[in-house]
Amino acid sequence: MGLQKMKRNLKVGVVGATGMVGQTFMNILEERKFPLAELRPFASDASAGKKIHVQNQDWIVQTLKQGCFDGLDLVFFSSGDDISKEWAPQAAHAGAFAIDNSAAFRMDPTVHLIVPEVNGHLVNSQSKPQVIANPNCSTIQLVVALKPLADAYGLEEVRVSTYQAVSGAGIAGYDELLTQTADYKNPNPKNATFPHPILFNCIPQIGSFNDEGFCSEEVKIMKETRKILNLPSLKVSAFTVRVPALNAHSETVWVTLKKQVNRDEVMTSLRNARGIMVQDETQKSVYPTPRNVSGEDPVYIGRIHKDPENPLMWLMWVVSDNIRKGAALNGMQIAEHIFDIKPQA
Ligand SMILES: NC(=O)c1ccc[n+]([C@@H]2O[C@H](COP(=O)([O-])OP(=O)(O)OC[C@H]3O[C@@H](n4cnc5c(N)ncnc54)[C@H](OP(=O)(O)O)[C@@H]3O)[C@@H](O)[C@H]2O)c1
């Protein structure tokens, strides 16, 4: 089965093809010269019949209906939880790998939650078609940063505060910031996607609140981090904030290690890790920012320093493109890993 997978071009479905993540997935198919035999884009009724141009061909957007995944090798889902819940198992049943970007299956103990640099070994070219979950965008960049430290020194505790871009709320979120910016003198801007105007603001709420005072984005980060790192009792505490950055999420991370190490050791572990780019020259104001990281593939890390009160605790600033590594790129890397494809970008 593994060898067969390597030899031929693949038939790929994308559910949510016209959305923020779906469109980026199309760009990535192009950039990485994915071996494509067929592309089947799916979206809502409103987009049915539109053409999507990828790899020198127009592909017509369809709506979901019984049998629509027949013959596909891989279906990438980015249309929200309800659509994934209903349709991703059908794609797997039809013989495709269903790579699901929603939260629907992430904490299902029978479903793998994959970041290739961290736990890619859980699936491989011998795996059978199944639903595979793509983690939350803020979780992905966090676990990529934590993995080399966990392996080398062990993790005692992780605290993270996020500064999340509006693109994380899809096209509607992106447009809301642009519209408010164009009308920036308006004292009462209209808001629909976010609970308050996002221009000139910070909103400490992403999703809905539970009885303990955590919002759903925070709960996702805490639970998914433990599952991906396979550290069920790791102490993780998250606080998430929406900020008026257009694209790329930033995180301040406080990580307590199990072993005392010096800065050179930490820097070497991070620099040598897959998928990480260290940018840390504070005297020259060099550290990653969402503006610089938007459109890039790696997880960028800067401001790496030790807490003066606790020699086991390290602080760092972690920035990554939430639509690329946080969603579409990670999904593509899972597919490349399963089908033994070497990206040609
Ligand atoms: N943005 C991020 O940073 C990010 C990161 C990780 C995960 N995700 C997840 O990815 C998913 C999509 O996010 P997004 O940001 O790309 O949202 P988006 O820009 O709002 O796009 C939503 C997509 O879903 C399609 N859709 C809506 N109703 C549909 C239906 N009944 N049948 C088929 N397709 C339908 C839309 O099609 P139309 O254009 O026709 O309406 C559009 O293509 C969500 O589950 C989100 O949580 C997003």
Side-chain angles (χ1 to χ4, degrees), residues 13-28 39-52 59-66 68-69 75-88 90-91 98-106 113-115 131-143 162-178 192-194 206-208 215-217 220-221 224 240 242-243 245-251 290 293-295 319-334:
V14 181
V15 181
T18 50
M20 198 102 211
V21 174
Q23 286 179 26
T24 303
F25 192 79
M26 301 300 172
N27 295 340
I28 291 175
L39 178 65
R40 237 176 267 174
F42 298 97
S44 76
D45 293 343
S47 306
K50 279 188 185 161
K51 286 180 190 156
I52 291 189
W59 311 91
I60 309 291
V61 176
Q62 314 178 14
T63 54
L64 294 164
K65 49 185 162 305
Q66 291 304 319
C68 65
F69 304 126
V75 184
F76 184 77
F77 283 84
S78 64
S79 284
D81 295 3
D82 293 344
I83 290 171
S84 289
K85 254 181 219 152
E86 184 180 351
W87 293 92
Q90 295 195 37
I99 299 179
D100 181 28
N101 216 19
S102 82
F105 298 97
R106 289 179 188 152
L113 181 62
I114 301 289
V115 178
V131 177
I132 296 173
N134 208 37
N136 171 274
C137 41
S138 304
T139 309
I140 293 178
Q141 65 188 71
L142 177 64
V143 294
T162 71
Y163 312 79
Q164 296 187 217
V166 291
S167 64
I171 288 172
Y174 198 89
D175 286 349
E176 193 155 304
L177 176 56
L178 290 182
T193 306
F194 303 115
I206 302 184
S208 51
C215 59
S216 44
E217 185 83 351
K220 287 177 193 170
I221 295 173
E224 293 176 22
T240 59
R242 183 79 65 191
V243 299
L246 271 177
N247 190 42
H249 292 346
S250 308
E251 297 177 345
V293 162
S294 181
V319 187
S320 190
D321 186 323
N322 51 297
I323 304 293
R324 292 180 73 88
K325 185 56 188 166
L329 175 68
N330 195 68
M332 169 60 77
Q333 290 168 328
I334 294 171

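Atoms within each ligand, like the ligands themselves, are counted from 1 in listed order.
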- prompt: Can a donor-acceptor pair be found between the side chains of Glu217 and Asn136 at a distance below 3.5 Å?
  reply: yes
Test salt bridge (charged side-chain N to carboxylate O under 4.0 Å, His left out) applied to Lys325 - qualifying residues, sequence neighbours left out: Glu117
message: Other residues, nucleotides and ligands only: do more than 12 of their heavy atoms fall within 6.0 Å of NZ on Lys51?
response: no
Non-neighbouring partners of Tyr163 that pass ring-ring contact (aromatic ring centres under 6.0 Å, His included), sequence neighbours left out: Trp317
Donor + acceptor pair across side chains of Ser167, Asn247 (<3.5 Å): yes
- prompt: Tell me, which residues have any heavy atom less than 4.0 Å from some atom of ligand 1?
  reply: Gly16, Ala17, Thr18, Gly19, Met20, Val21, Ala43, Ser44, Ser47, Leu64, Ser78, Ser79, Gly80, Ile83, Asn101, Ser102, Cys137, Ser167, Gly168, Gly170, Ile171, Asn322, Ile323, Gly326, Ala327
query: Who passes ring-ring contact (aromatic ring centres under 6.0 Å, His included) against Phe42, sequence neighbours left out?
result: Phe69
